[in-house]
Amino acid sequence: MKKVLALVLAALLVFAFVACGNSSTNESTSAPAGSSDAAEKKTLVMATNANFPPYEFKDGDSYAGIDIEIAGKIAEKLGMTLEIKDVEFGTIIGGVQTGKFDMGMAGMTVTDERLKSVNFSDSYATGIQVVIVTEDSAIKSIDDLKGDGSMKIGVQQDTTGDIYASDTVENGGYGEENVTRYKNGADAVQALKAGKVSAVIIDNEPAKNFVSANEGLAILDGEWVKENYAIAIAKENTELLTQVNNALKELTADGTVKAIVDKYIPAE
């Protein structure tokens, strides 16, 4: 009887070992888009800040804009489904860097500081920063902006408008003490209307949307600064960077990128 019991126990142990082995081999692990295991990944996670029309904005329960549509076309080229995460602009770089998001696309300019944390794709659009004031403002030109404590300048936090404007007067900025940061451009514009700031520095296309939607505002003549937009991707995810750049080249060559930009920014 003891011999039979021993045989039964041995058989049970073998069965348990085989079952455990099968369980582990059937488990699938997620992988960042573009990695060697990317065949298992069907979703391309893009971080954005949907308060930046016409590049990204909410359209009912959905998202729309230049960046949204270009990202969708890139995902199609990669055989993936685009998933959009609407987050605070200042968290995008960190989220891409840590792998929380596959890429960041939010009218984002390449800067030396950002390049310390992430890589950037080839540029897909050009942005121009401008200055919004009230129509009755004493500020009549960009040269009227001062970093002498006589005015407050509103910016969207963590944007290049924030970075450049907050720099010292010697470096072409207005001094951090003369800049007021807001979570998004819409909040900065509302602060301007309420008289809390004297001017708002923001990209030209969103500026035109804000001025159109808010009576009594105007954009000063001239460019405050000119920039190139690109897609942020984690430094170690070089395969995805190559895939995105290849997709962008194809979408540019066949006119898709231009058609999307022209849809939201008609030629004047």
Kindly indicate whether the side chain of [X], heavy atoms from C-beta on, has any atom under 4.5 Å from the side chain of [Y].
X: K196; Y: T180; result: no
X: K100; Y: T91; result: no
X: V87; Y: I92; result: yes
X: Q243; Y: E239; result: yes
X: K193; Y: L217; result: yes
X: L241; Y: N237; result: no
X: N209; Y: P206; result: no
X: Y124; Y: V244; result: no

Does [atom1] in [X] sit with more than 12 non-hydrogen atoms of other residues, nucleotides or ligands closer than 6.0 Å?
X: K152; atom1: NZ; value: yes
X: K226; atom1: NZ; value: no
X: E176; atom1: CD; value: no
X: E215; atom1: CD; value: no
X: D148; atom1: CG; value: yes

Looking at [X] and [Y], what are the two nearest heavy atoms and their distance?
X: A50; Y: D86; answer: N-OD1, 2.9 Å
X: G185; Y: F210; answer: C-CZ, 3.8 Å
X: T160; Y: E227; answer: OG1-OE2, 2.5 Å
X: A230; Y: S121; answer: CB-O, 3.4 Å
X: G222; Y: V130; answer: O-CG1, 3.9 Å
X: S117; Y: Q97; answer: O-CG, 3.7 Å

### Task
Go through I231 and L248 one step at a time and tell me if the side chain to side chain contact (heavy atoms under 4.5 Å, CB included) criterion holds.
CA-CA 10 Å; I231 303 169; L248 276 174; 4.1 Å; yes
Would the distance check show the side chain of [X] and the main-chain N or O of [Y] forming a donor-acceptor pair, the cut-off being under 3.5 Å?
X: R114; Y: T109; result: yes
X: D67; Y: G107; result: yes
X: D122; Y: N245; result: no
X: N171; Y: G173; result: no
X: N178; Y: G147; result: yes
X: D144; Y: S141; result: yes
X: T48; Y: M105; result: yes

### Query
When you look at D102 and T43, which way does the side chain to side chain contact (heavy atoms under 4.5 Å, CB included) test go after all the steps?
CA-CA 9 Å; D102 295 317; T43 304; 6.0 Å; no
### Query
Is the cationic atom of K58 (NZ for Lys, CZ for Arg) positioned less than 6.0 Å from the six-membered ring centroid of Y63 and within 45 degrees of its normal?
yes
Would you compute the distance between atom [atom1] of [X] and atom [atom2] of [Y] and round it to the nearest 0.5 angstrom?
X: L44; Y: E76; atom1: CG; atom2: CD; result: 11.5 Å
X: E205; Y: I265; atom1: CD; atom2: CD1; result: 3.5 Å
X: D167; Y: D162; atom1: CG; atom2: CG; result: 10.5 Å
X: M46; Y: E83; atom1: CE; atom2: CD; result: 11.5 Å
X: D158; Y: E113; atom1: CG; atom2: CD; result: 11.0 Å
X: N204; Y: T126; atom1: CG; atom2: OG1; result: 12.0 Å

### Query
Does the pair F120 and L115 meet the rule for a side chain to side chain contact (heavy atoms under 4.5 Å, CB included), with working shown?
CA-CA 7 Å; F120 279 94; L115 281 169; 3.6 Å; yes
### Query
Checking side chain to side chain contact (heavy atoms under 4.5 Å, CB included) for the pair Y164/T111: CA distance, chi angles, key distance, verdict?
CA-CA 11 Å; Y164 301 151; T111 67; 4.2 Å; yes
### Query
Is the Y264 ring parallel, tilted or perpendicular to the F57 ring (thresholds 30°, 60°)?
perpendicular
Kindly work out whether a path of hydrophobic side-chain contacts (I/L/V/M/F/W/Y, heavy atoms less than 4.5 Å apart) joins [X] to [Y].
X: L78; Y: I70; result: yes
X: M151; Y: V131; result: yes
X: F89; Y: V155; result: no
X: I163; Y: V169; result: no
X: I74; Y: V261; result: yes

### Query
Does a salt bridge link K258 with D262, judged by any charged N lying under 4.0 Å from a carboxylate O?
yes
### Passing option when I202 is tested against I132, T159, N184 for side chain to side chain contact (heavy atoms under 4.5 Å, CB included)
I132
### Message
Side chains of N49 and Q156: any donor to acceptor distance under 3.5 Å?
### Response
yes
